[in-house]
Amino acid sequence: MFERVVFQLLEGAFICRVSHPDTFDFLCDEDNLRSVEDFVAKIGRRVARTTKQSGFYLVFAAYGEQERAAIRSNYSDIKNNLIPVISFFNLVIRTTGQEDILMYGTAIEADTLIGKIDQDISLRNELQSLGSRFKAFSSDTTQRKLLDNIFKRLVNDGYLKLANPERAIYQVTSKIEYLLDVIKFIHETDETLKIGDEQPESETGSLI
C-alpha cells in the first residue's frame, strides 16, 4: 500500500475518499502519513491537504527557480481550464438546483441532468457553448454524447469519479476543493501568478 500511495501522489493524484478510498484511509493513519512524508521529503516534496482536509496531494517542499517555473506552468494550465470547469458546475447548479455541488462527494446523475437540459433551450445552448470550451464535439455528437464527453474529460482531469456506470452517476472529488483554493489564491495575489521568494501561505502548488 505504501508504494501504491507514493506512486499515486507522484503521478499527481488527489487522494480522497471518493477517488481513492483505500489509499485515503491509509494516509489518514498518522504513522502511515509520516512514513510517506519522510520518503517524499527526500526528493523535495511534501504532502499537502485541501482546505477542508478532504484530500491529499503532493507539492514542492521548497521554491527555487525550477520549482517556481513548474508552479507557474501548473497555474497557467489551471487558469486555462478554470472557466470550462466552473461553467460546468454552474450548469449543474442551474439545471438541478444542487447548491452543494462544489462539495466533494456530491452525486451528479447524468440521466437527470440531460433530461432537464433537453426541456430548456437556454440550457441546451449553454451545453453547446460548454462543449466548445471543452472541445468535446465529434462527428456524431448529440446532446447526450456531448454531455458524456464532458463528463469523461472531468473524470480524466480528476474532478469527478464514475461511481455507478450502470446508472451514469458521478461523484465530485476533493480536487474541486483544490480548484477553489487556487481560485482564492489567484484572487489574493498577482494575477500574473509570479511566485515570489517566499512560499505562499496557501498550500496550493505544483502537483509533482
Side-chain angles (χ1 to χ4, degrees), residues 1-82 85 89 102-108 151-165 169-186 189 193 195-208:
M1 181 65 74
F2 175 87
E3 183 177 347
R4 179 159 44 131
V5 170
V6 170
F7 274 112
Q8 287 176 349
L9 289 169
L10 288 172
E11 289 171 355
F14 280 78
I15 296 178
C16 70
R17 198 173 297 281
V18 171
S19 61
H20 305 82
D22 293 339
T23 47
F24 179 79
D25 288 341
F26 180 86
L27 285 173
C28 283
D29 181 277
E30 291 186 6
D31 291 335
N32 293 336
L33 177 58
R34 190 175 303 111
S35 296
V36 172
E37 288 177 327
D38 290 344
F39 179 84
V40 299
K42 296 176 182 178
I43 55 173
R45 307 293 191 272
R46 65 183 178 87
V47 179
R49 299 189 73 167
T50 56
T51 300
K52 295 183 180 180
Q53 308 292 298
S54 67
F56 299 90
Y57 60 99
L58 212 58
V59 298
F60 289 113
Y63 293 87
E65 284 301 322
Q66 183 176 354
E67 289 78 12
R68 286 198 291 269
I71 292 170
R72 284 195 295 269
S73 176
N74 180 65
Y75 279 179
S76 179
D77 289 342
I78 288 174
K79 286 185 72 175
N80 290 336
N81 294 318
L82 190 62
V85 173
F89 285 103
L102 294 178
M103 294 180 61
Y104 104 100
T106 303
I108 304 173
F151 272 122
K152 183 178 180 180
R153 167 73 179 275
L154 291 170
V155 169
N156 289 339
D157 288 348
Y159 294 103
L160 297 176
K161 179 182 178 180
L162 181 55
N164 189 323
I169 297 176
Y170 296 81
Q171 277 188 293
V172 180
T173 73
S174 66
K175 190 171 181 179
I176 193 63
E177 290 185 6
Y178 172 81
L179 183 64
L180 296 176
D181 288 344
V182 170
I183 292 171
K184 180 180 178 181
F185 178 71
I186 290 173
T189 57
L193 300 180
I195 306 300
D197 293 333
E198 297 294 328
Q199 179 175 325
E201 293 182 4
S202 170
E203 285 203 313
T204 58
S206 178
L207 309 186
I208 58 175

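The figures that follow rest on heavy atoms only: side chains count, while hydrogens, waters and symmetry mates do not. This is a predicted model, so every value here is computed, not measured.
- Closest approach of Gln171 to Ala163, counting heavy atoms only: OE1-CB, 3.7 Å.
- In Met103, the CE atom is not crowded: 12 or fewer heavy atoms of neighbouring residues, nucleotides or ligands sit closer than 6.0 Å.
- Residues Val85 and Leu154 are in side-chain contact: their nearest non-hydrogen atoms beyond the backbone lie under 4.5 Å apart.
- A distance of 10.5 Å separates CD in Glu177 from CZ in Arg49, rounded to the nearest 0.5 Å.
- Checking Asp31, Leu27, Leu58 one by one against Val36, the side-chain contact (heavy atoms from CB on, under 4.5 Å) holds for a single residue, Leu27.
- Rounded to the nearest 0.5 Å, atoms CG (Leu10) and CD1 (Ile43) are 4.5 Å apart.
- Between Ile108 and Ile169 the shortest side-chain heavy-atom distance does not fall below 4.5 Å.
- One finds the OG atom of Ser174 at 9.5 Å from the NE2 atom of His20 (value rounded to the nearest 0.5 Å).
- Among residues two or more places apart in sequence or in another chain, the side-chain contact (heavy atoms from CB on, under 4.5 Å) test is passed with Asp25 by Arg17.
- Of the options Phe24, Phe14, Phe26, a ring-ring contact (aromatic ring centres under 6.0 Å, His included) to Phe56 is made by Phe24 and by none of the others.
- Note on ring orientation: taking the six-membered ring where Trp is involved, the planes of Phe151 and Tyr170 are parallel (angle under 30°, cut-offs 30° and 60°).
- We find the OH-CZ distance between Tyr159 and Phe89 to be 8.5 Å, quoted to the nearest 0.5 Å.
- Contact detail for Cys16 and Ser54: the closest heavy-atom pair is CB-O, 3.2 Å.
- At most 12 heavy atoms of other shown residues, nucleotides or ligands fall within 6.0 angstrom of atom CZ in Phe7.
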